[in-house]
Amino acid sequence: MERIVVTGASGQIGSELVPELRRIYGDENVVAAGHKTPIPGDIREAGPYTYFEVSEYGQVEELLKRHEADTVFHLSSILSALAEEQRELAFEVNVRGLYNVLEASERTGIKRVIVPGSVANFGPAAPRDGTRDDTAQRPNTFYGISKVYAELMSEYYNGKLGMNCRGVRLPGIISWKTEPTAGTTDYAVAVFYGAIRQKHYTCYLEPDTRLPMMYMPDAIRSLIEIAEAELPALNSRAHYNVNSMSFTPTELFDAIKRRIPELTVDHEIDPVRQAIAESWPDSLDDSAARDDWAWEPIYDIDLVVDDMLKNLGHKMAGEKARSG
Ligand code: AKB
C-alpha cells in the first residue's frame with residue numbers, strides 16, 4: 001500500500017484510522033475523503049483531505065484518479081439505526097456507494113479495497129454465541145443486508161475481475177474521538193459522555209441485552225492487519241469475523257460505577273434499536289482470523305473503561321476550557 005484513500009474519514013472509525021495509517025505510511029500518502037460532516041482539524045492539518053459524494057460515480061472515479069490511489073479503505077456507511085429510518089439514504093450510500101467504489105477501483109486499476117463488515121451481517125437465525133464465519137448470513141435489517149451485499153460484491157470483484165477486496169466483520173465499536181449517533185451499539189459510547197457530563201445516562205436498550213463489542217485501537221489494528229495480511233485463499237475467504245468482548249448494558253454500567261459511584265442509569269427502550277440488537281449474535285467466533293493472520297484483541301472491558309474515562313475526560317475538559 002503506497003497511496004491510500006479513506007472514505008468516511010470524518011466518521012467514528014475513519015477519524016481514527018486516518019491518523020494511524022498516516023503514522024505507518026506517511027502523512028502525504030493517506031487521503032482523508034469525507035462527505036458533509038467536517039473532517040477533524042488534526043486530519044486536515046496533517047495531510048491531504050477532500051470532500052466528495054459517494055453516490056455519484058463520477059466523483060468517486062475522479063477522487064481515485066486525482067490521488068493516484070492504489071488502496072481504498074471504504075468506510076462510508078449509514079449505520080443500523082439510521083438505515084432503518086432513512087432507507088433511501090442507506091441505499092444511496094451503502095449500496096450504490098459501495099458499487100461505485102468497487103467499479104471505480106476496477107476501472108482505475110486499484111487492486112486493494114478494504115470494506116468493513118459487521119456483526120449485523122448475521123440475523124436472528126444465526127447461533128447467538130460464537131457465530132462462525134461460515135454461518136448463513138440472513139440479516140433482517142437494512143444495514144445488515146447492505147453489508148452482506150458489500151461482502152458478496154467484494155467476492156464477485158475478486159473472483160471475476162481479479163481484485164483484492166477484503167474485510168473484517170466488526171462488533172460494536174467503543175471510542176472517544178467522535179460521538180457516534182446512528183448505530184445500535186452506540187449506548188456503549190454515549191454512557192461515558194453521560195457519566196462525565198451529568199453523572200446520569202438514559203439507556204435505549206434493555207439492561208440484559210448482550211452484544212459483542214471492541215475498543216477502537218483493536219478495530220483499527222484489525223483493519224490494517226487484514227489489509228496487509230498474506231492470505232493463502234483470498235478469494236474464498238476475504239472476510240473474517242473478529243471478536244473481542246461481549247457485555248450487557250448492566251455489566252458496562254457496573255464497570256463505570258466502580259470508577260464513578262455517583263453515576264445513575266435508567267432505561268427508556270427504543271423498540272427499533274432493541275429489535276436490531278436482539279437480531280444480532282452475542283459473540284462471534286473469530287478462530288479463522290486467529291489461525292490465518294494471527295488476529296488477537298488486546299482490550300477487555302476494564303481496560304476500555306479506564307482508557308475511555310481518561311481520554312474522554314481530557315477531551316471534554318479541553319472543550320470546556322476552549323469555550324471559556
Ligand atoms: C451499529 O450499531 O450499527 C454499528 C455496527 C455494529 O455495525 N456499530
Side-chain angles (χ1 to χ4, degrees), residues 7-8 10-17 73-87 89-91 93-95 97-98 114-124 126 128 131 135 137 139-151 167-193 203-206 209-220 222-223 226 239-249 252 269-284 286 297 304 308:
T7 71
S10 36
Q12 186 193 13
I13 298 181
S15 60
E16 303 214 27
L17 180 65
F73 282 78
H74 178 46
L75 304 182
S76 311
S77 184
I78 301 297
L79 294 185
S80 56
L82 186 59
E84 293 300 305
E85 261 174 40
Q86 297 198 26
R87 293 184 297 279
L89 175 67
F91 177 83
V93 176
N94 297 9
V95 179
L98 180 277
I114 315 303
V115 186
S118 162
V119 58
N121 281 49
F122 300 105
R128 297 289 79 205
T131 304
T135 302
Q137 298 186 38
N140 64 358
T141 60
F142 198 105
Y143 173 67
I145 293 164
S146 73
K147 285 287 175 193
V148 174
Y149 167 79
E151 197 169 304
V168 284
R169 300 186 196 106
L170 292 166
I173 306 298
I174 306 164
S175 65
W176 55 268
K177 191 168 172 185
T178 62
E179 200 171 346
T181 51
T184 299
T185 57
D186 294 349
Y187 88 85
V189 177
V191 62
F192 287 95
Y193 284 83
C203 180
Y204 54 78
L205 291 184
E206 296 281 5
T209 310
R210 187 171 296 282
L211 285 167
M213 298 280 183
M214 182 178 285
Y215 199 35
M216 184 64 89
D218 279 334
I220 297 295
S222 76
L223 288 166
I226 188 70
H239 295 82
Y240 288 80
N241 288 350
V242 285
N243 199 58
S244 175
M245 64 196 105
S246 294
F247 52 72
T248 64
L252 177 62
I269 306 309
D270 170 0
V272 173
R273 284 186 281 190
Q274 183 64 37
I276 297 173
E278 284 172 13
S279 78
W280 290 350
D282 295 356
S283 65
L284 300 175
D286 61 1
V304 171
M308 280 294 287

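What you see is a predicted model; the values in this text were computed from it and never measured. Remember, it's 1-based here, ligands and their atoms both numbered in the order they're listed.
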Distance filter under 4.0 Å, heavy atoms only, around ligand 1 gives L79, S80, S118, V119, Y143, G183, T184, T185, W280
Evaluate the side-chain proximity of M214 to V242: yes if any heavy-atom separation is below 4.5 Å, no if none is. yes
[X]-[Y] side chain donor-acceptor pair, cut-off 3.5 Å:
X: E179; Y: Q12; value: no
X: S80; Y: T184; value: yes
X: Q274; Y: T209; value: yes

Any donor-acceptor pair under 3.5 Å linking the side chain of K147 with the backbone of P116? yes
Taking all atoms of both residues into account, what is the closest heavy-atom pair of N241 and D286, and its distance? O-CB, 3.2 Å
